[in-house]
Amino acid sequence: MQTNSYLDYKEIIAETVGKVLPETGLEKQAIYALLEYPPDEKLGDLALPCFQLSKILKKAPHLIAQELAAKIDPAPYFEAVKATGPYLNFYVAPVPLAREVLAKIMTCGSNYGARAIGGGEKIVIDFSAPNIAKPFHVGHLSSTVIGNALYKIFEFLGYNCVGINHLGDWGTQFGKLITAYKKWGSAEAVERDLIKELQRLYVKFHDEAEQDPALEDEARAWFQKIEDGDDEALSLWRWFKEISLAEFQRVYDLLEIAFDSMAGESFYNDKIDAVVNELKEKQLLVESDGAAIVNLDEYEMPPCLILKKDGSSLYATRDIAAALYRKKTYNFVKALYVTGVAQSLHFKQWFKVVELMGYAWAKDLVHIPFGLVSLEGEKLSTRKGRVVLLEDLLRTAIEKTLAIINEKNPGLARKEEVAQMVGVGAVVFGALSVNRIKDVTFSWEEALSFEGETGPYLQYTHARACSILRKAGFSLEKAVLAPEKLNEPAALRVVKTLYLFPEKVLSAANEYEPSIISRYLIDLAHDFNGFYHECQVLVDDPGLQQARLVLVWAVKTVLATGLGLLGIKAPEQM
RNA sequence: GCGUCUGUAGCUCAGCUGGAUAGAGCAACGGACUUCUAAUCCGUAGGCCGCAGGUUCGAAUCCUGCCAGACGCGCCA
């Protein structure tokens with residue numbers, strides 16, 4: 001797999017400038033870091049601003065730029081190197097660029113952009129983590145799709161990822177649920193309405209408990225019974241869990257997301273005492289108001305709660321136990337936790353506790369926060385029934401897609417299959433197209449928008465490219481690379497954007513930010529659609545047609561790869 | 001009260017490891033389908049980059065203060 005080296009113009013420039021200007025004493029890396037992409041095509045493809053050099057050389061920046069322009073031989077990678085004021089602008093020679101980029105994509109195929117930097121090391125990714133007996137709603141979308149995208153991105157860079165669904169399958173809410181079930185529920189009703197019925201019972205419990213606080217005690221008692229291994233309590237707990245998992249699975253099937261481990265909170269029950277003991281041995285635990293805490297004053301954080309005054313554990317305890325278990329089991333080089341930004345402090349605290357326990361790998365624990373999802377400006381609330389179920393959203397998106405297909409392309413084969421890819425793709429892309437950290441207000445109109453910067457736009461562009469290749473009977477084996485024929489500005493723009501893909505993938509991984517790939521794909525699709533309008537591909541001149549077909553194939557390949565990294569399908573027709 | 005994050009065009013957002021005239025999409029208006037899928041493309045209009053200072057040759061980008069919003073701050077997760 002020749003996936004570790006990509007043509008790197010910055011590297012070439014840094015090398016050349018370093019040679020021409022040895023007196024600056026700058027390392028190649030330092031020059032590399034100064035290089036930037038100019039704001040306008042007319043100013044070339046890469047630029048070296050000379051202000052910093054001016055300080056070192058004690059010379060006006062525009063003079064340095066002029067001098068460098070005179071000394072540097074552009075060939076073979078550049079067609080010109082010009083000084084424009086204080087900038088040294090590099091104009092990439094299109095033919096070598098097109099040749100290198102397209103040849104690379106032809107040899108690598110769907111591995112273009114991949115690298116082997118992970119060396120097979122493990123990255124554990126904790127994501128999705130819905131709560132049992134509660135609806136799987138749009139609030140869970142971000143964690144699920146961001147986690148899945150990071151999984152695919154890191155695999156693409158040579159890591160071995162372990163996806164863990166840390167299910168919320170333990171806690172007093174099960175006591176509440178059993179209490180409500182015993183009082184107002186029935187096996188028939190649960191079998192019939194599944195999570196909807198469980199949710200009804202849960203809401204009912206809270207309504208009733210407002211009048212009758214004794215219910216809370218009853219709930220606690222039932223949860224205690226689960227913990228003590230009481231047969232009835234345990235079998236109800238298992239039953240609720242099965243019902244929930246079956247329902248969650250339908251959503252994961254629609255999204256085509258799978259996990260390597262479904263070890264939820266309950267999995268760590270027998271691993272918590274050891275953590276508490278270890279904290280005691282390491283003299284990190286302090287008693288405070290009857291609870292056991294780790295004091296973090298020194299680090300300007302509130303204390304981390306380890307045990308309640310009744311001696312039971314808290315979620316930080318469970319998270320620490322899980323981290324220790326995962327380190328031992330997987331020996332990860334990084335463990336990512338994809339959860340809402342609201343939990344930032346919690347992660348900062350228990351990461352610090354792990355560090356204080358003496359584990360150097362505490363630095364490998366990374367919280368990947370994302371913004372809050374609200375509904376028409378109001379918080380989602382299971383109890384108030386103010387939620388949009390993810391499954392409803394996905395199914396509505398699929399239905400809408402099917403309607404559009406019936407209107408625009410009624411003869412399409414396997415419509416339902418395509419409708420699912422596109423409808424789901426629209427929803428997934430919507431969640432991955434903006435910076436993670438932004439809060440979002442869910443809107444049906446936006447979630448079901450298929451025009452402009454959307455998933456369907458990317459898929460449509462991909463399908464268009466496929467359509468051309470199909471009509472031309474294109475085959476990669478017989479393809480002829482003819483970069484000199486791709487000389488229209490629109491074609492060159494596409495080539496230049498294709499060149500950027502590997503570095504975008506790398507940035508997305510470094511910043512844990514799938515939206516970098518989303519934005520890139522929008523650019524690529526846009527450039528391609530511009531080319532599509534300006535340049536007819538299926539033309540009489542066989543040489544020209546062949547040259548353009550290779551470009552179309554390359555775009556199709558990169559779009560499919562990029563969409564794949566986001567967890568989105570790329571249908572060949574739609 | 002303390003802390004974290006966010007504030008860019010009417011709306012949703014890029015750009016934020018400082019650099020050349022601040023970019024998209026949606027909505028509005030005007031154009032482009034007998035030609036490779038118009039879920040597309042092109043054009044017009046739309047901006048004291050929250051406010052005020054500071055650092056710098058240069059600030060949407062860095063620092064400080066303020067304003068607005070979101071979230072968090074001990075026995076839920």
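Note that these values count all heavy atoms, side chains included, but never hydrogens, waters or copies made by symmetry. Within every chain, numbering begins at 1; the chains are lettered A, B, ... in the order of the sequence lines, protein sequences first and strands thereafter.
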Select one nucleotide: of [options], the one nearest the side-chain heavy atoms of [X].
X	options	answer
Ala463(A)	G74(B), U37(B), C75(B)	U37(B)
Glu446(A)	U21(B), A77(B), U12(B)	U12(B)
Leu43(A)	C75(B), A20(B), C13(B)	A20(B)
Tyr460(A)	U37(B), C75(B), C57(B)	U37(B)
Leu314(A)	A77(B), A20(B), A39(B)	A77(B)
Met574(A)	A39(B), C36(B), U40(B)	A39(B)
Leu372(A)	A39(B), U40(B), A70(B)	A70(B)
Tyr532(A)	G15(B), C36(B), A20(B)	C36(B)
Leu305(A)	C71(B), G74(B), U40(B)	G74(B)

Base-pairing assignment for [N] (Watson-Crick or G-U wobble, both under 3.5 Å):
N	value
C5(B)	G69(B)
G46(B)	none
A14(B)	none
A20(B)	none
U40(B)	A32(B)
G53(B)	C63(B)

[N] versus [M] - spacing of their [atom1] atoms, nearest Å:
N	M	atom1	answer
U44(B)	G25(B)	P	12 Å
U8(B)	U55(B)	P	27 Å
U61(B)	U56(B)	C1'	13 Å
C63(B)	C5(B)	P	10 Å
C49(B)	G15(B)	C1'	10 Å

Is the shortest side-chain N/O distance from [X] to OP1 or OP2 of [N] below 4.0 Å?
X	N	value
Lys348(A)	G72(B)	no
Tyr457(A)	C41(B)	yes
Arg464(A)	A38(B)	yes
Tyr37(A)	G15(B)	no
Asn409(A)	A39(B)	no
His526(A)	A14(B)	no
Lys438(A)	G7(B)	yes
Lys471(A)	U37(B)	yes
Ser467(A)	C36(B)	no
Lys379(A)	C71(B)	yes

Quick one: do the [X] and [Y] side chains pair a donor with an acceptor below 3.5 Å?
X	Y	result
Tyr32(A)	Asp8(A)	yes
His140(A)	Asn131(A)	no
Ser128(A)	Thr144(A)	yes

Donor-acceptor contact present, side-chain Asn409(A) to main-chain Ile405(A), <3.5 Å: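 Pair absent, no side-chain N/O of Asn409(A) close to backbone of Ile405(A).
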Under 3.5 Å: donor-acceptor pair, side chain of Thr461(A), backbone of Tyr457(A):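 Yes; judged by distance alone, with no hydrogens or angles, the pair exists.
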Distance check needed: [N] [atom2] versus [X] [atom1], whole Å only.
X	N	atom1	atom2	value
Leu538(A)	U35(B)	CG	P	14 Å
Leu307(A)	A77(B)	CG	P	12 Å
His367(A)	G72(B)	NE2	P	13 Å

Which is true for Glu265(A) with a 4.0 Å heavy-atom rule: it touches a base, it touches only sugar-phosphate, or it touches nothing?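 Since only primed, P, OP1 and OP2 atoms lie under 4.0 Å of Glu265(A), the category is sugar-phosphate.
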Let me see the working for Lys28(A) and Glu11(A) under salt bridge (Lys or Arg N to Asp or Glu O under 4.0 Å), right down to the final yes or no. CA-CA 8 Å; Lys28(A) 201 165 102 183; Glu11(A) 178 104 20; 2.9 Å; yes
Report yes if the distance between the aromatic ring centroids of Phe248(A) and Phe136(A) is under 6.0 Å, otherwise no.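 Aromatic pair counts; centres sit under 6.0 Å.
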